[in-house]
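What follows is a set of notes on a single structure, which appears directly below.
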Amino acid sequence: QGQLVESGGGLVQAGGSLRLSCAASGRTFTTYDMGWFRQAPGKEREVVAAIRWTSGLTAYADFVKGRFAISRDNAKNTMYLQMNSLKAEDTAVYYCAAASSYGPMYRASTYDYWGQGTQVTVSS
């Protein structure tokens with residue numbers, strides 16, 4: 001069984017930066033598409049960014065374009081989310097996910113492995 005573990009969350013002031021990491025273990029996720037999702041209290045889980053393993057193609061939600069950057073290091077079996085210019089509305093639990101088969105990158109149902117989440121809190 002594979003496992004994904006997020007880290008790097010915390011409390012930051014608006015305008016600040018955080019870098020989230022997603023470490024995979026138990027299996028190699030290098031051939032999996034991967035993504036970051038977030039869920040704020042009272043809201044549905046939404047996609048933040050995703051990356052294809054084959055092409056390295058990345059996709060971002062409109063609300064993070066130009067501020068966040070997704071990347072992966074297959075040698076380390078790790079994915080990252082660099083978050084800059086953080087806003088109070090970015091406050092949420094952030095989850096990383098991996099998909100064992102091809103599907104829409106923006107859809108949560110595409111992904112069959114999920115981490116436990118890491119809290120990001122942005123103070124205004």
Identify the heavy atoms of Val48 and Val64 that sit nearest to each other, and give their distance.
O-CG2, 3.5 Å
Inter-residue atom distance Glu6.CD - Cys96.SG, 0.5 Å rounding:
4.0 Å
Please say yes or no: joined through hydrophobic side-chain contacts below 4.5 Å, possibly via intermediate residues, are Tyr60 and Val122 part of one cluster?
yes
Check whether any side-chain heavy atom of Phe63 sits under 4.5 Å from a side-chain heavy atom of Lys87, and report yes or no.
no
Validation row: Tyr113, Met34 side chains within 4.5 angstrom (heavy atoms)
no
Residues forming a salt bridge (Lys or Arg N to Asp or Glu O under 4.0 Å) with Arg38, sequence neighbours excluded
Glu46, Asp90
Shared ILVMFWY cluster between Phe37 and Ile70, side chains joined below 4.5 angstrom?
no
Could you report the tightest heavy-atom contact between Ala40 and Ala92, atom names first, then the distance?
N-CB, 3.8 Å
For residues Thr110 and Ser101, report the shortest heavy-atom separation together with the two atoms involved.
CG2-O, 4.2 Å
Arg67 CZ to Leu86 CG distance, which is reported to the nearest 0.5 Å:
6.5 Å
Name all residues meeting the salt bridge (Lys or Arg N to Asp or Glu O under 4.0 Å) criterion together with Lys65; count only those two or more places apart in sequence or in a different chain, and write none if there are none.
Asp62
Cluster check Trp36, Val120: I/L/V/M/F/W/Y, side chain < 4.5 angstrom:
yes
In terms of hydrophobic clusters joined by side-chain contacts under 4.5 Å, are Tyr95 and Tyr111 together?
yes
Looking at every heavy atom in both Met105 and Leu57, which two are closest together, and how far apart are they?
CE-O, 3.8 Å
For the residue pair Asp112 and Ala99, what are the closest heavy atoms and their distance?
OD1-CA, 3.6 Å
Work out which heavy atom in Ala14 is nearest to a heavy atom in Ser124; give both atom names and the distance.
CB-CA, 4.2 Å
Sorted by chain and residue number, the salt bridge (Lys or Arg N to Asp or Glu O under 4.0 Å) partners of Arg107 (sequence neighbours excluded) come out as none
Side-chain contact, heavy-atom cut-off 4.5 Å: Tyr80 with Arg19?
yes
Whether Gln116 side chain and Val5 backbone form a donor-acceptor pair below 3.5 Å:
no
Can you find a pair of side-chain heavy atoms, one from Leu20 and one from Met79, that are under 4.5 Å apart?
no
Quick check for you: to the nearest 0.5 Å, what is the distance between Thr58 atom OG1 and Arg52 atom CZ?
11.5 Å
Checking Phe68 against Leu18 for the side-chain contact (heavy atoms from CB on, under 4.5 Å) test, could you report, in this order, the C-alpha distance in whole Å, the side-chain angles of both residues, the deciding distance, and whether it holds?
CA-CA 10 Å; Phe68 291 12; Leu18 283 174; over 6 Å; no
